[in-house]
2 protein chains.
Amino acid sequence: MTTDEKLALYAKALAHPIRIQIIRLLTGQACCYTGDLTQQFPIAQSTISQHLRALKEAGLIQGTIERPKVKYCLNRENFEEAQRLFETHLFSDERFIKSCAS
Amino acid sequence: MTTDEKLALYAKALAHPIRIQIIRLLTGQACCYTGDLTQQFPIAQSTISQHLRALKEAGLIQGTIERPKVKYCLNRENFEEAQRLFETHLFSDERFIKSCAS
DNA sequence: ATCGTTGATCGTAAATGTACGATGATACAA
DNA sequence: TTGTATCATCGTACATTTACGATCAACGAT
């Protein structure tokens, strides 16, 4: 998978306000449970679960079972990779801006 | 529109490899024409045009007519806002990581 | 053994995204 | 006027996303 494809997948995982809020929550605290989120957001539990799966499949979070709950944390390694990709491959101003081609 | 919604919209605009590549191209040079992109990418011209519209509607690029071509540039103001939002609202490590709740 | 709690998964409907070829619009050139 | 070049838009087909309620699975408690 190319860098651009990776970047696009991370961006896709973040392309919904609920998922942004979940990620923001998890950068501000160590972890949370599915139940915390279903209380906090006015959407169905099954929809929350879907968003959590999207974030998990993108590698941005990980869940561990703590019966009867499931605890979610940031996957710090991948989250930092995403951060690094955005910063160095998209937002970097370091490159010389060439004059207009053709 | 909330900050999270803005972030999600910017992320959505970036959620495709072609659009990532277009943005990357435009951070490395001042501008490009639609024709440059249709040559460079192995997809139909109408599809390129669609991706350009998505980026334009998200505010990340802007086009100006230079008959018979159309010149696209980054919308620096909004692009920097996107950058700032990602850095300060998503990727910032500055906040204290609280211990696990509930 | 049955119940209760928690959260994932299924089935489904509506909306959105992605790709293509065809067509339309604009203005310059012959 | 009739082409030519460039790019947007239309129409369309297929896939994906998003949302919901219903159901399932796991396991501790009664």
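Here the structure is a predicted model, which means the values were calculated and not measured. Here is how names work: the chains are called A, B, and so on, in the same order as the sequence lines, proteins then strands, and each is numbered from 1.
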- prompt: Roughly how many Å is it from CD in B:Glu5 to P in D:dT18, rounded to a whole number?
  reply: 14 Å

Whether B:Phe86 and A:Phe86 hold their rings parallel, tilted or perpendicular, with breakpoints at 30° and 60°: parallel

- line: B:Leu9 CG to C:dT16 P, in whole Å, measures 13 Å

task: Please report, rounded to the nearest Å, how far the P atom of C:dG7 is from the NZ atom of A:Lys56.
output: 12 Å

task: Quick one: label B:Ile43 by what it contacts on the DNA or RNA (base, sugar-phosphate, nothing), any heavy atom closer than 4.0 Å.
output: sugar-phosphate

Sugar-phosphate, base or nothing in reach of A:Lys12, heavy atoms under 4.0 Å: sugar-phosphate

field: Between D:dA8 (C1') and B:Leu55 (CG): distance, integer Å
entry: 15 Å

Under-4.0 Å side-chain N/O to phosphate OP1/OP2 contact, B:Tyr33 with D:dA8: no

statement: Which of C:dT18, D:dC20, D:dT9 is nearest the side chain of B:Arg53? It is D:dT9

task: Can you measure from CG (B:Asn75) to CD1 (B:Ile61) and round to the nearest 0.5 angstrom?
output: 9.5 Å

- line: Checking D:dC20, D:dA8, C:dG7 against the side chain of A:Val70 (C-beta onward), the nearest is C:dG7

- request: For B:Ser46 and for A:Gln45, locate the closest nucleotide of DNA chain C by heavy-atom distance; then report the residue assigned to the nucleotide nearer the 5' terminus.
  value: A:Gln45

task: Calculate the interatomic distance between B:Arg67 atom CZ and D:dA8 atom P; express it in whole Å.
output: 10 Å

message: Classify A:Thr47 by what it touches in the nucleic acid, base, sugar-phosphate, or nothing, heavy-atom distance under 4.0 Å.
response: base

message: Side chain of B:Gln50, heavy atoms from C-beta onward: which of D:dT6, D:dC27, D:dG11 has the nearest atom to it?
response: D:dG11

query: So what does B:Ser49 touch, heavy atoms closer than 4.0 Å: a base, only the sugar-phosphate, or nothing?
result: base

statement: In whole angstroms, the gap separating P of C:dC28 from CD of B:Glu66 amounts to 13 Å

- prompt: Looking only at side-chain N and O atoms, does B:His51 come under 4.0 Å of OP1 or OP2 in C:dG17?
  reply: no

- request: Consider the side chain of A:Pro68, meaning its heavy atoms from C-beta on, and name the nucleotide among C:dT5, D:dC7, C:dG7 that approaches it most closely.
  value: C:dT5

field: OP1 or OP2 of C:dT18 under 4.0 Å from side-chain N/O of B:Arg19
entry: yes

query: Yes or no on ring pair (Phe, Tyr, Trp, His ring centres under 6.0 Å) for B:Phe91 and A:Phe79, after CA distance, side-chain angles and deciding distance?
result: CA-CA 8 Å; B:Phe91 291 138; A:Phe79 185 67; 5.3 Å; yes

Nucleotide nearest B:His16 (side chain, heavy atoms from C-beta), chosen from C:dA27, C:dA19, C:dG7: C:dA19

